[in-house]
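Everything quoted here is computed from the prediction, not taken from an experiment.
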Amino acid sequence: MFGKNDLIEAASLVYRHMPPTPQYSWPLLDECTGATVIVKHENHTPTGAFKVRGGITFIDWVKRTQPGVQGIVTATRGNHGQSQARAATAAGLRATIVVPHGNSPGKNAAMRAFGADVVTFGADFDAARGEAARLASSENLFPVPPFHREIVRGVASYALELFAAATDLDTVYVPVGCGSGICGVIAARDALGLRTKVVGVVSTEAAGAKLSFESGRLTATDSADTIADGLAVRTPVEEAFAIYARGADRIVAVSDDEVREAIRILFTATHNVAEGAGAAALAALLQEKEKMRGRKVGVVLSGGNIDAPLLADILQGAA
């Protein structure tokens, strides 16, 4: 999909706007999983999530290749929207972000703080995505898709960092929403010629990517009702599916209860806050810990943007 130089060039652009994030080994995670665990801390980016990287490279591409664009529009559950709002505003573009009803108040506030006009529409991400397409046409805004080659190029920079620090990883667990994260990891692994297995993680309540992977054809779900809002996608993105269908080893589904437990463990063992999607990778490793015992494993903590009341309930053990 990308050559090594393509990814290095994209990473150089990313680093003009933010530093690399750390990857740490946490002994308490080793104890509870039976594996040697390296956590990639994408919760330490300027937006609190990995998506910021793709926003940087995508908006740079827009400015270079789409002369005359005055503004962008996209749909999100929050992290993608923050990334695009931050990069677009910095580039002098208007940013309109469509979110579904009931979206995270904290993520909505952050998008507005980054300069976005936040529009609420529909019951879920897929409905918001349709409204974003309508606004692109009616308001002459450039549509930012949830998945794009230039977004993946930027996102892959975190995988380059992880693989440079730990070239001997047996497996990396990475959450799957619209797919830029898993595709970025696959792209970096392949460009570097590594043999690391890549395991995608979805919610049991939004398992379209897993169903598609296992059936070999794009499969949607009727709903996507999960506390892991970054995974709450009913219809997988076809372009992303084409990549992880070939490049992933397997896709694991985790329940909301498993995600809650992983959030608690991450807080206790690493003193880091994880949102639902950010904890999903650890939840999958815990589910597969007998299979992974004794191996060296990467876990992508993709974001830490969880609302305080929800975090408090989870840490207190609420179901």
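Two different hydrophobic clusters hold Leu162 and Val14 under the rule that ILVMFWY side chains link at heavy-atom gaps under 4.5 Å. Transitive grouping of hydrophobic side chains (ILVMFWY, heavy atoms separated by less than 4.5 Å) keeps Leu13 and Ile59 in distinct clusters. Using a 4.5 Å cut-off between side-chain heavy atoms of Ile, Leu, Val, Met, Phe, Trp and Tyr, with links allowed through other members, Phe241 and Leu231 fall into different hydrophobic clusters. Note on Val98 and Met111: separate hydrophobic clusters, where clusters join Ile, Leu, Val, Met, Phe, Trp and Tyr whose side-chain heavy atoms are under 4.5 Å apart, directly or indirectly. The hydrophobic clustering, which links ILVMFWY residues whose side-chain heavy atoms are closer than 4.5 Å, places Val52 and Ile151 apart.
The aromatic rings of His41 and Tyr24 are tilted relative to each other, their planes meeting at an angle between 30° and 60°. Between Phe58 and Phe142, the angle of the ring planes lies from 30° to 60°, which puts this pair in the tilted group.
Judged purely by atom type and a 3.5 angstrom limit, Asp6 uses its side chain to pair as donor or acceptor with the backbone of Gly3. The backbone N or O of Ala253 lies less than 3.5 Å from a partner atom in the side chain of Gln287, making a donor-acceptor pair. Looking only at distances, no side-chain donor or acceptor of Arg217 sits under 3.5 Å from a matching main-chain atom of Ser212. Judged by distance alone, the side chain of Thr268 and the main-chain N or O of Leu266 form no donor-acceptor pair under 3.5 Å. Formation of a donor-acceptor pair under 3.5 Å by the Glu139 side chain with backbone atoms of Ala136 is not found in this model. Side-chain N or O atoms of Thr21 include none that pairs as donor or acceptor with a backbone N or O of Glu42 at under 3.5 Å. A donor-acceptor pair is defined here as one N or O able to donate and one able to accept, closer than 3.5 Å; such a pair exists between the side chain of Ser203 and the backbone of Glu205. Checking side-chain atoms of Lys210 against main-chain N and O of Ile251 turns up a donor-acceptor pair under 3.5 Å. For Ser157 (side chain) and Gly154 (main-chain N/O), a donor-acceptor pair under 3.5 Å exists by modelled atom type. Asp256 places no side-chain N or O within donor-acceptor distance of the main-chain N or O of Thr226, the cut-off being under 3.5 Å.
Around CD of Glu238, the count of heavy atoms belonging to other residues, nucleotides or ligands within 6.0 Å does not exceed 12. The number of heavy atoms from other shown groups lying within 6.0 Å of CG (Asp225) does not exceed 12. Counted within 6.0 Å of CG on Asp168, heavy atoms from surrounding residues, nucleotides or ligands total more than 12; the atom is thus considered enclosed. For Arg64, the CZ atom sits in a packed shell: over 12 heavy atoms of surrounding residues, nucleotides or ligands are nearer than 6.0 Å. Residue Arg293 places its CZ atom among more than 12 non-hydrogen atoms of other residues, nucleotides or ligands, all under 6.0 Å distant. More than 12 heavy atoms of other shown residues, nucleotides or ligands fall within 6.0 angstrom of atom CG in Asp249. Around the CD atom of Gln70, the shell of radius 6.0 Å holds no more than 12 heavy atoms that belong to other residues, nucleotides or ligands.
Ionic pairing of Arg260 and Asp257 is present here: one or more N-O contacts between side-chain nitrogen and carboxylate oxygen are shorter than 4.0 angstrom. A salt bridge is absent between Asp170 and Lys296; no separation between the charged side-chain nitrogens and carboxylate oxygens falls under 4.0 Å. Under a 4.0 Å N-O distance rule, the pair Asp229/Lys107 qualifies as a salt bridge. A salt bridge is defined here as a Lys NZ or Arg NE, NH1 or NH2 lying under 4.0 Å from an Asp or Glu carboxylate O, and Lys4 with Glu9 fails to meet this definition. A salt bridge links Glu161 to Lys40: one of the charged nitrogens lies within less than 4.0 Å of a carboxylate oxygen. In this structure, Glu288 pairs ionically with Arg250, as a charged nitrogen and a carboxylate oxygen lie closer than 4.0 Å.
Closest heavy-atom contact between Gly54 and Gln84: O-NE2, 4.1 Å. Between Ala188 and Leu7, the shortest heavy-atom contact is CA-CD1, 3.7 Å. The heavy-atom pair separating Ile186 from Tyr244 by the smallest distance is CD1-CA, 3.8 Å. Considering every non-hydrogen atom in both Asn43 and Val273, the closest pair reads ND2-O, 3.9 Å. Closest of all the heavy-atom pairs between Cys178 and Pro146 is SG-CB, 3.5 Å. When every heavy atom of His17 is checked against every heavy atom of Arg86, the shortest pair comes out as O-NH2, 3.6 Å.
Put simply, the side chain of Arg264 reaches to within 4.5 Å of the side chain of Ile314, judged on heavy atoms. Under the 4.5 Å side-chain criterion, counting only non-hydrogen atoms from C-beta, Thr45 is not in contact with Phe50. Contact check for Pro20 versus Tyr15: side-chain heavy atoms found under the 4.5 Å cut-off. Looking at heavy atoms from C-beta onward, Thr219 lies out of side-chain contact with Pro236 at the 4.5 angstrom threshold. Side chains of Asn103 and Phe125 form no contact here, defined as non-hydrogen atoms less than 4.5 Å apart. Between Ser25 and Val37, the closest side-chain pair of non-hydrogen atoms is not below 4.5 Å. Under the 4.5 Å side-chain criterion, counting only non-hydrogen atoms from C-beta, Val119 is in contact with Thr96. Side-chain contact between Val297 and Leu285 is present, with at least one heavy-atom pair separated by less than 4.5 Å.
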CA sep, side-chain torsions, deciding dist, call: Thr57, Glu150, side chain to side chain donor-acceptor pair (under 3.5 Å): CA-CA 6 Å; Thr57 50; Glu150 289 300 316; 5.2 Å; no
Trace of the side chain to side chain contact (heavy atoms under 4.5 Å, CB included) decision for Phe2 with Val152: CA-CA 10 Å; Phe2 297 106; Val152 175; 3.8 Å; yes
Arg129 vs Thr76, side chain to side chain donor-acceptor pair (under 3.5 Å): CA-CA, chis, key distance, verdict: CA-CA 8 Å; Arg129 184 163 55 173; Thr76 189; over 6 Å; no
Verdict with supporting geometry, Asn79 and Glu275, side chain to side chain donor-acceptor pair (under 3.5 Å): CA-CA 11 Å; Asn79 289 334; Glu275 62 186 277; 3.0 Å; yes
Intermediate values then yes/no, side chain to side chain contact (heavy atoms under 4.5 Å, CB included), Met292 and Tyr173: CA-CA 11 Å; Met292 303 308 295; Tyr173 287 86; 3.2 Å; yes
Test log, rule salt bridge (Lys or Arg N to Asp or Glu O under 4.0 Å), inputs Glu239 and Arg149: CA-CA 9 Å; Glu239 298 93 331; Arg149 175 184 174 86; over 6 Å; no
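There is no side-chain donor-acceptor pair under 3.5 Å between His101 and Asp124. Between the side chains of Ser104 and Asp307, at least one donor-acceptor pair of N or O atoms lies under 3.5 Å.
Thr221 pairs with exactly one of Val202, Asp126, Leu211 by the side chain to side chain contact (heavy atoms under 4.5 Å, CB included) rule, that one being Leu211.
Distance check, rounded to the nearest 0.5 Å: CZ of Arg153 to CG of Asp60 gives 8.5 Å. Atom CG of Leu194 is separated from atom CZ of Phe163 by 6.0 Å, given to the nearest 0.5 angstrom.
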